[in-house]
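Below: the structure, in structure tokens.
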Amino acid sequence: MRQIGDSKVSSVASHRPGREMVDTGGTCVQLGVMVRDAVKSYGVGSRRATVLQGLNMSVKKGSIYGLLGASGCGKTTLLSCLVGRRSLNSGEILVLGNEPGSPNSGVPGPKVGYMPQELALYGHFTIKETLQYFGRIYNLKMSFVDAQVEFLLKLLDLPSGDRYVMTLSGGQQRRVSFAVAIFHEPELLILDEPTVGVDPVLRHSIWNHLISQSVDHSRTIIVTTHYIEEARQANMIGMMRSGRLLAEESPENLLTNYNLSSLEAVFLKLCMKDEGNDQDRQEPELLERTVSSSSMRRNIARPQQPSSGHDNMAFERGTSQSDISEIGVDCQHLRNSHLSQVSSANCNVNVTANIGTIPTVTTYAGQTDSTPANNKAAAKRKSRTFRMTLPSPRRLYGLIHKNYLLMFRNLGIFVFLYFLPAFQATIFNMTLGREPKGLKMGIVNEEVDASLGRVCNYTTDCAYSMLSCRYLRYIKDNIVQIPYDNVTDALQAGKDNEVWGFLHFGHNFTEEFELRQSEGDSANLQNIIRSRINVRMDSTNQQIEAFIEKWLLEGFGDFFKDFMVACGHEPEAGYIPIVFEDPMYGKKDTPYTEFMAAGLIISIIYFMGVSLTAGVFVSERKQGLLDRSLVAGVQMVEILTGYLVNQFTVMIGQTALVFLIMLLVFDTPCHGNLALAVLVTFLQGFVGMCFGLLIATMCEDEISALCLSMSSFLPALVISGVCWPIEGMPFYLRNIAYSMPMTYAVESLRCIFTRGWGVEHLDVAAGILISLGWIIGLLVLSLVVVRFRKYTS
Ligand SMILES: Nc1ncnc2c1ncn2[C@@H]1O[C@H](COP(=O)(O)OP(=O)(O)OP(=O)(O)O)[C@@H](O)[C@H]1O
């Protein structure tokens with residue numbers, strides 16, 4: 001039998017029900033929280049830092065446990081493991097008899113009330129709406145919710161329930177956060193520094209209320225605080241350093257054992273001893289004395305009641321002086337009680353099999369290795385990684401209601417986001433794909449010579465006279481013709497960016513042209529060269545060059561055909577023997593905007609989904625709001641569904657407006673089924689949301705989420721064939737292009753728009769199926785990242 005002093009502790013190594021019992025010499029005390037050999041690390045590889053180092057902790061049911069320790073010693077980490085938001089690397093946690101996160105444990109869920117360090121409140125909610133939101137999450141009856149709201153407003157001396165949280169003072173906001181934690185009257189309260197930044201009077205009131213909760217309602221409370229002396233009011237104190245408990249004792253015993261007058265002095269002394277221990281771990285008995293196991297035997301003493309300072313009379317409820325020794329359960333009684341599943345053997349006989357679970361330094365220190373039992377427990381935890389329960393309609397309703405409320409409370413932003421895609425589509429249509437106008441081209445026409453009477457007075461009959469002037473009349477008027485006296489001047493104008501290029505007609509252009517026509521195949525090279533129109537271009541702008549080239553050639557085609565007709569020849573004679581007939585799909589000279597329309601619609605909706613989802617999730621998580629909802633028992637799947645429902649309605653409006661702008665205002669043709677086109681667009685919106693979710697799960701803050709989504713924007717846009725045909729890419733890039741989420745959807749929508757294809761065509765079906773695949777893949781990946789982070793962060 002392992003004995004520390006004269007105490008005996010029941011086994012905690014087994015997984016039998018009732019292991020959360022501590023025998024204190026004939027009296028078994030039921031534990032609300034039990035932690036054994038807890039090891040928790042952050043990060044991986046060389047950046048791995050172990051924060052909890054074999055920590056043991058026993059919190060009696062119905063007691064207040066003050067967890068003290070320097071900043072960064074691992075208190076918050078421990079609490080987040082207790083509420084099931086993080087997982088241990090090894091070791092064991094039992095909360096209210098179950099492992100956090102195990103089925104029907106109620107933790108996370110209704111059995112626990114959690115007040116995180118940060119406020120974790122929606123600033124745009126009123127106090128009442130905040131509490132009502134959590135009421136829905138906890139599936140509470142509305143009558144109970146209303147009664148609780150009234151009660152808590154009075155109890156915590158809060159202003160009107162209609163006040164927005166963001167308009168409250170810091171202290172009032174902390175009280176609202178506290179109200180959220182205790183709102184559903186949980187069995188276990190976990191409060192991470194509830195009194196930080198709170199004035200002494202309010203601190204006093206909060207402690208009084210905690211005492212009343214533990215005494216009157218047998219609630220187990222764990223409280224962390226930096227104000228060491230306020231922890232005197234706890235039944236038990238855990239003094240933590242470097243991820244281990246140095247002592248776990250009642251405040252009175254700590255003071256007596258060390259013969260010191262303040263807990264702060266005790267903590268200091270323990271730290272100094274531990275410092276020594278760090279240097280010489282061979283002397284484990286040094287601190288053993290500090291953790292007198294007699295604490296496990298004694299009945300829990302009533303904490304000292306504050307004697308004065310109650311300005312909030314509502315807190316007076318909690319100051320009764322009842323003895324909470326009733327929390328201890330007599331073993332004999334337990335044998336007959338259905339409440340306990342602890343056999344007498346657990347209380348008495350099994351004590352001999354105990355393996356050092358009493359909280360002593362010798363047990364606490366250095367137990368960071370994974371035992372087979374620990375590994376088994378960890379494996380069991382991980383096997384639950386992908387377990388999902390069906391979403392609860394009430395919780396879903398609560399989440400959706402919350403999302404809409406938040407959206408309408410930020411009406412300006414909401415309207416902006418609602419109309420943004422339509423605005424983007426309008427800008428696109430007004431700026432892209434249109435023919436450039438007013439393009440200046442120099443004309444150097446040596447044929448014109450007034451001194452020789454050669455002026456531009458050409459006829460329209462079959463006369464070889466001043467053909468240069470005749471041709472220039474056929475050039476589209478998007479080109480502005482600027483005459484120059486000679487090539488040198490025109491060249492200089494081009495270099496000075498005054499013209500995009502110039503055309504040069506030789507001195508005898510018309511004569512040479514006539515000769516070439518009459519000679520036909522026998523024309524000599526000199527004649528051919530002199531009958532040419534020479535063009536020099538500023539080729540720095542490919543689009544403009546292409547337009548000018550096209551218009552010059554078209555102009556020549558029209559001139560030549562008209563001249564042939566005037567001369568009674570077949571107009572097509574002598575023209576390039578390649579003819580582009582009417583297209584199978586689309587029309588001749590399809591504008592660039594029509595090519596881009598599909599890609600534009602998809603990319604606007606896709607990237608709206610990415611950025612909104614990533615932004616909202618990261619911001620909720622950073623403020624602790626996501627954590628708070630998850631600790632309240634909300635499933636990640638429910639949060640996601642709630643958000644998708646909310647975002648879907650926004651997307652309906654955004655898509656409708658974009659289609660309206662593209663199809664009705666800017667006449668983008670849609671030859672296929674409009675509903676099918678909308679479906680493909682919606683699916684891509686969902687893909688975007690899921691990608692946004694993945695980004696949110698990977699990023700710590702808004703900036704990195706923004707960077708990631710922004711940096712994915714341009715590559716995705718160009719690689720997906722939105723701006724340029726994929727066929728123009730190198731082969732290795734094409735493979736990447738086809739593995740991008742938007743590629744097939746863009747092609748699918750393009751086929752619906754321009755070819756009028758239906759879902760029976762593989763290109764259209766591929767867009768739908770591959771989008772669905774991406775949605776599922778990204779969701780699964782997001783859940784994997786969430787679970788992975790639970791273990792590594
Ligand atoms: N997500 C994380 N990734 C990496 N390290 C972390 C993470 N969260 C906490 N830590 C580190 O773990 C250690 C313990 O942090 P924790 O927040 O648990 O301390 P704490 O005792 O609650 O501190 P405080 O009293 O200041 O709130 C700190 O060194 C902290 O930097």
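These numbers come from a predicted model, not from an experiment. In listed order, ligands and their atoms are each counted from 1.
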So, is Cys73 polar-close to ligand 1, with some N/O to N/O distance under 3.5 Å?
yes
Just let me know how Val51 lines up against ligand 1, side chain, backbone, both or neither, with a heavy-atom cut-off below 4.0 Å.
side chain
Under-4.0 Å heavy-atom contact with ligand 1, by part of Met240 that carries it:
neither
Taking only residues two or more places apart in sequence, or in another chain, which ones meet Phe267 in a side chain to side chain contact (heavy atoms under 4.5 Å, CB included)?
Ile228, Met239, Cys271
Apply side chain to side chain contact (heavy atoms under 4.5 Å, CB included) to Met710 and list each qualifying residue two or more places apart in sequence or on a separate chain.
Leu706
What atoms of ligand 1 come closer than 4.0 angstrom to any heavy atom of Thr77?
14 (C), 15 (O), 16 (P), 18 (O)
Hey, looking at atom 14 (C) of ligand 1, which of Cys81, Ser242, Gly72 has the closest heavy atom?
Gly72
List the steps, then state whether salt bridge (Lys or Arg N to Asp or Glu O under 4.0 Å) holds for Glu187 with Arg219.
CA-CA 5 Å; Glu187 279 181 56; Arg219 293 195 176 118; over 6 Å; no
Using a strict cut-off of less than 4.0 Å between a Lys/Arg side-chain nitrogen and an Asp/Glu carboxylate oxygen, indicate whether Glu193 and Arg174 qualify as a salt bridge.
no
Take every heavy atom of Gly74, measure it against each atom of ligand 1, and state whether any distance is under 4.0 Å.
yes
Ligand 1 atoms nearer than 4.0 angstrom to some heavy atom of Arg86 are 1 (N)
Strictly under 6.0 Å, is that where the ring centroids of Phe183 and Tyr138 end up?
no
Is it true that Lys622 and Asp701 have a side-chain N and a carboxylate O under 4.0 angstrom from each other?
no
Determine whether any heavy atom of Glu193 lies closer than 4.0 Å to an atom of ligand 1.
yes
